[in-house]
Asks: 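Could you have a look at this structure, given as structure tokens, before my questions?
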Amino acid sequence: MAAPGEAARAELGAAEQDPAPAGPGAEEAAGAGGAEAGEAGGGGEARAEAADGEGRSAGAEAADGEEPGLQPCAARKARLELKERKEKKQKVDEDEIQKMQILVSSFSEEQLNRYEMYRRSAFPKAAIKRLIQSITGTSVSQNVVIAMSGISKVFVGEVVEEALDVCEKWGELPPLQPKHMREAVRRLKSRGQIPNSKYKKIIFH
């Protein structure tokens with residue numbers, strides 16, 4: 001019969017070699033710990049995906065923002081060019097006005113009177129409109145009538161200027177006579193400044 005001390009030591013050794021199975025409470029605790037670890041890992045993945053999505057959306061917005069950014073630049077450049085053209089045109093107009101003022105201020109009294117009469121003279125627009133309609137056979141707008149009136153005035157001025165030169169070369173004094181006007185027209189035609197209005201029949205061989 002073994003002693004009580006030896007029996008206790010034997011039971012203790014057996015307990016160390018074969019540990020007792022864990023109870024239901026231990027299994028539940030282990031499962032809860034694993035689930036918490038899994039949830040923690042899943043939350044990290046979700047946050048990583050969200051960060052990646054934000055990065056992609058920011059990159060896409062930056063890429064999309066490049067084209068609209070170019071449009072305002074082009075519009076701004078067009079506005080600047082238009083403004084520069086307007087300023088340049090305004091400067092040219094001011095220079096022309098200044099030159100004209102200097103020229104008019106140097107006119108003699110006779111030249112000033114002639115210039116005033118030239119500025120005031122104009123062809124009747126109704127007569128110009130009837131003439132154009134009789135030639136073309138169609139109605140024309142008021143802008144066409146105004147343009148033709150201006151062109152006619154310039155043409156008459158060139159003829160009169162040439163006629164004055166003819167009168168001076170012939171040793172005669174104004175007023176102009178029909179012979180001076182005819183000679184002026186002939187000279188302008190010879191220089192090709194007046195188109196030939198005579199109809200020429202073209203024969204095809």
Side-chain angles (χ1 to χ4, degrees), residues 66-205:
E66 290 179 359
E67 294 182 356
L70 295 176
Q71 295 177 358
C73 293
R76 193 181 305 110
K77 186 176 180 181
R79 286 195 298 269
L80 290 175
E81 290 178 355
L82 181 61
K83 185 177 179 181
E84 290 177 358
R85 285 198 297 268
K86 287 183 178 179
E87 291 177 354
K88 186 176 180 180
K89 183 178 179 182
Q90 185 177 1
K91 185 177 180 180
V92 171
D93 293 341
E94 291 177 356
D95 293 341
E96 292 294 332
I97 292 172
Q98 187 176 3
K99 290 179 182 178
M100 197 64 192
Q101 289 176 351
I102 296 172
L103 180 62
V104 172
S105 63
S106 62
F107 281 170
S108 64
E109 186 176 356
E110 181 183 358
Q111 290 175 338
L112 187 60
N113 292 332
R114 290 173 59 186
Y115 177 72
E116 289 179 356
M117 292 299 296
Y118 170 75
R119 290 295 301 269
R120 293 178 182 177
S121 63
F123 286 97
K125 292 182 175 57
I128 295 293
K129 187 174 184 178
R130 285 196 302 270
L131 179 63
I132 296 174
Q133 289 178 352
S134 65
I135 295 173
T136 60
T138 58
S139 61
V140 293
S141 63
Q142 189 68 17
N143 292 334
V144 175
V145 175
I146 294 172
M148 288 303 300
S149 299
I151 293 172
S152 302
K153 183 176 178 179
V154 173
F155 172 72
V156 172
E158 291 179 354
V159 174
V160 171
E161 185 178 0
E162 187 69 23
L164 289 172
D165 293 340
V166 171
C167 182
E168 184 179 358
K169 287 180 180 179
W170 287 358
E172 299 178 0
L173 297 176
L176 296 176
Q177 299 179 14
K179 60 180 181 180
H180 301 144
M181 302 296 290
R182 286 193 292 268
E183 179 63 18
V185 171
R186 187 191 67 80
R187 291 186 179 186
L188 291 175
K189 281 185 176 180
S190 65
R191 292 200 294 264
Q193 296 182 3
I194 297 179
N196 190 1
S197 59
K198 292 183 179 180
Y199 174 75
K200 293 182 180 180
K201 187 176 182 180
I202 300 175
I203 300 175
F204 294 97
H205 296 286

Asks: If you compare all heavy atoms of Ile128 against all heavy atoms of Ser149, which two are closest, and at what distance to 0.1 Å?
Replies: CG1-OG, 3.6 Å
Asks: Should Arg187 and Arg182 count as side-chain neighbours, where that means a heavy-atom distance under 4.5 Å?
Replies: no
Asks: Within the structure provided, determine whether Lys86 and Leu82 are in side-chain contact (heavy-atom separation under 4.5 Å).
Replies: yes
Asks: So which heavy atom on Val140 is nearest to which on Lys129, and how close?
Replies: O-CE, 3.8 Å
Asks: Take atom CD of Glu81 as the centre, draw a 6.0 Å sphere, and report whether it contains more than 12 heavy atoms from other residues, nucleotides or ligands.
Replies: yes
Asks: For the residue pair Arg119 / Tyr115, report whether a side-chain donor-acceptor contact shorter than 3.5 Å exists.
Replies: yes
Asks: To the nearest 0.5 Å, what is the distance between NZ (Lys99) and CG (Leu103)?
Replies: 11.5 Å
Asks: Show, in sequence, the C-alpha distance, side-chain angles and deciding distance for Cys167 and Leu173, and conclude whether the side-chain contact (heavy atoms from CB on, under 4.5 Å) test is met.
Replies: CA-CA 6 Å; Cys167 182; Leu173 297 176; 5.5 Å; no
Asks: Any salt bridge between Lys91 and Glu84, counting N to O under 4.0 Å?
Replies: no
Asks: Inspect the surroundings of CD in Gln111 and state if more than 12 heavy atoms from other residues, nucleotides or ligands are less than 6.0 Å away.
Replies: yes
Asks: Check the pair Gln101 / Glu96 against side-chain contact (heavy atoms from CB on, under 4.5 Å), numbers first and verdict last.
Replies: CA-CA 9 Å; Gln101 289 176 351; Glu96 292 294 332; over 6 Å; no
Asks: For Leu112 versus Phe107, what's the shortest heavy-atom pair and its separation?
Replies: N-CB, 4.0 Å
Asks: Test Glu158 against Lys153 for salt bridge (Lys or Arg N to Asp or Glu O under 4.0 Å), laying out the working first.
Replies: CA-CA 9 Å; Glu158 291 179 354; Lys153 183 176 178 179; over 6 Å; no
Asks: More than 12 foreign heavy atoms under 6.0 Å from CE of Met100: is that the case here?
Replies: yes
Asks: Which is it for Arg186 and Glu183 under the salt bridge (Lys or Arg N to Asp or Glu O under 4.0 Å) test, yes or no, and what are the steps along the way?
Replies: CA-CA 5 Å; Arg186 187 191 67 80; Glu183 179 63 18; 2.5 Å; yes
Asks: Between Thr138 and Gln133, what is the shortest heavy-atom contact and its length?
Replies: O-CG, 3.3 Å
Asks: To the nearest 0.5 Å, how far apart are CD1 in Ile132 and NZ in Lys125?
Replies: 11.5 Å
Asks: So which atom in Ala163 and which in Met181 form the shortest heavy-atom distance, rounded to 0.1 Å?
Replies: CB-SD, 3.7 Å
Asks: Counting only heavy atoms not in Glu168 (residues, nucleotides, ligands), do more than 12 fall under 6.0 Å from its CD?
Replies: no
Asks: Would you say CZ of Arg191 has more than 12 non-hydrogen atoms from neighbouring residues, nucleotides or ligands within 6.0 angstrom?
Replies: yes
Asks: Nearest 0.5 Å please: distance from the CG atom of Leu131 over to the OG1 atom of Thr136.
Replies: 9.0 Å
Asks: Got Lys179 and Glu172 here, is their nearest side-chain heavy-atom distance under 4.5 Å?
Replies: yes
Asks: Considering residues, nucleotides and ligands other than Gln98, do more than 12 of their heavy atoms fall under 6.0 Å from its CD?
Replies: no
Asks: What is the distance from atom NE2 of His180 to atom CD of Glu162, rounded to the nearest 0.5 Å?
Replies: 12.5 Å
Asks: Kindly indicate, with the supporting measurements, whether the criterion side-chain contact (heavy atoms from CB on, under 4.5 Å) is fulfilled by Arg79 and Arg76.
Replies: CA-CA 5 Å; Arg79 286 195 298 269; Arg76 193 181 305 110; 3.9 Å; yes
